[in-house]
Amino acid sequence: MVVRLSLLAASSADLLSQLAATDITVPLRTEGRTTEHCERYTTARMLSTLAGTPLIQYPLKVEHRDKPDFVLHYPTKQIGIECTEAVSDEWAHIDAIREREFPDSMIMLPMLKPGERTLTNAQRAEIAGGRGAGPPWVGNMTERQWADAISHFVGRKTKKLREGVYDLDRETWLLIQDEWRVPVYRPEDRLEAADLCIAQLDGHLAAPAFSRIYVADSKWLLRLAPGPVEMLPIQDLWRGQ
């Protein structure tokens, strides 16, 4: 059973202390990973990064729940946080095959599109085993593909918000864990990708909409909305765990 991330914190120092003592390990896909593992991991790292900013108010109650996945209880208001993982179904399948059968293989990143499945089982196994050749990444192709993918997941969650899945009387943030496999590594490339993504988000930012949109990877917390783009280094309290 996954222990949910539910906390009571009197100050930023108290919050950071409790977060540091929380196990946010995410198991491998083939070893019992659940949505709640991913929600806990992503939200804990976002909270650690924002703990000392005016965005987080104290005393704070963090409630891990459903629709949205978290509610932050402030002294004067509540903020919902809906989490999602930007990952290709194809990649998740390839990753699971690799974990089971080819744990030491070096994968050449395939070119995937959000919401599409075009690979056969044999092709997935070939990629997972490190035998598939990767595509040529030229120009700003990686940044454009990242922007397309992230905007896809923003759109999917915004559709649910507008259908009334979340409480529209409460301010709600969207937090995306970036597991989209394209070679966008340098901070300047990520910022370029973010600008390309924002250009696709106009229809998703008009009310009703998420008041804040964050994208997190292993190193950075990127704010897409409200603009301008802001990129903060993740405060990693769990390094070495």
Side-chain angles (χ1 to χ4, degrees), residues 26 28-30 33-39 41-43 66-69 81-99 107-128 132-166 172-185 189-190 192-206 208-210 212-218 222-225 229:
V26 178
L28 296 176
R29 298 182 192 279
T30 56
R33 179 184 300 184
T34 67
T35 300
E36 288 183 339
H37 282 118
C38 299
E39 292 168 358
Y41 173 88
T42 308
T43 302
D66 297 302
K67 297 180 182 179
D69 300 308
I81 300 175
E82 178 63 14
C83 303
T84 193
E85 187 179 25
V87 64
S88 163
D89 290 341
E90 299 255 54
W91 175 260
H93 194 165
I94 292 166
D95 202 25
I97 295 171
R98 181 191 185 192
E99 289 174 6
I107 294 179
M108 300 299 291
L109 292 175
M111 196 174 293
L112 304 172
K113 292 186 178 181
E116 293 187 9
R117 292 189 180 190
T118 59
L119 300 176
T120 66
N121 288 337
Q123 288 172 321
R124 294 182 189 126
E126 186 176 58
I127 295 169
W137 299 95
V138 297
N140 67 348
M141 184 182 296
T142 57
E143 290 84 356
R144 288 188 285 107
Q145 292 214 1
W146 185 92
D148 291 345
I150 298 302
S151 65
H152 168 83
F153 289 98
V154 172
R156 195 160 70 177
K157 284 295 184 178
T158 300
K159 182 175 184 291
K160 289 186 176 182
L161 180 142
R162 291 173 177 170
E163 290 172 345
V165 173
Y166 318 117
T172 304
W173 301 354
L174 178 61
L175 175 59
I176 301 171
Q177 176 64 26
D178 178 15
E179 297 294 336
W180 196 261
R181 290 298 190 256
V182 291
V184 179
Y185 303 125
D189 296 336
R190 186 159 292 268
E192 179 184 347
D195 286 335
L196 291 170
C197 184
I198 288 173
Q200 301 182 37
L201 295 184
D202 283 350
H204 304 315
L205 300 181
F210 292 102
R212 288 182 171 267
I213 300 174
Y214 288 100
V215 182
D217 68 355
S218 61
L222 187 69
R223 189 190 70 218
L224 295 181
V229 172

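Sequential numbering from 1 along the given sequence is applied to the chain's residues.
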Donor + acceptor pair across side chains of Glu179, Gln177 (<3.5 Å): yes
Pair Lys113 + Asp148: basic N to acidic O under 4.0 Å: no
Trace of the side chain to side chain contact (heavy atoms under 4.5 Å, CB included) decision for Leu175 with Ile213: CA-CA 6 Å; Leu175 175 59; Ile213 300 174; over 6 Å; no
Test side chain to side chain contact (heavy atoms under 4.5 Å, CB included) applied to Leu222 and Asp178, Val229, Ile176, the passing residue: Val229
Arg162 (side chain) donor-acceptor with Pro208 (main chain) under 3.5 angstrom: yes
Glu39 side chain to Cys83 backbone, donor-acceptor under 3.5 Å: no
Ion pair check, Arg190 and Asp195, cut-off under 4.0 Å: no
Contact check, side chains of Thr84 and Asp69, non-hydrogen atoms, under 4.5 Å: no
Flag side-chain contact, heavy atom, 4.5 Å: Pro183 against Thr142: yes
side-chain contact (heavy atoms from CB on, under 4.5 Å) partners for Asn121, two or more places apart: His93, Arg124
Derivation of the side chain to side chain contact (heavy atoms under 4.5 Å, CB included) call for Phe210 and Thr158: CA-CA 7 Å; Phe210 292 102; Thr158 300; 3.9 Å; yes
Inter-residue atom distance Lys67.NZ - Leu161.CG, 0.5 Å rounding: 13.0 Å
Gap between atom CG of Asn140 and atom CG of Leu196 - 0.5 Å precision: 6.0 Å
Any donor-acceptor N or O pair under 3.5 Å, side chains Trp146, Asp189: no
Validation row: Trp180, Pro114 side chains within 4.5 angstrom (heavy atoms): yes
Stepwise side chain to side chain contact (heavy atoms under 4.5 Å, CB included) test for Cys38 and Arg33: CA-CA 8 Å; Cys38 299; Arg33 179 184 300 184; 3.9 Å; yes
Minimal non-hydrogen separation, Ser151 against Cys197, with atom names: N-SG, 3.8 Å
Inter-residue atom distance His204.NE2 - Phe153.CZ, 0.5 Å rounding: 12.5 Å
From CA spacing to verdict: side chain to side chain contact (heavy atoms under 4.5 Å, CB included), Val215, Ile150: CA-CA 8 Å; Val215 182; Ile150 298 302; 4.0 Å; yes
Interatomic spacing from CD in Glu82 to NZ in Lys157 - rounded to 0.5 Å: 4.0 Å
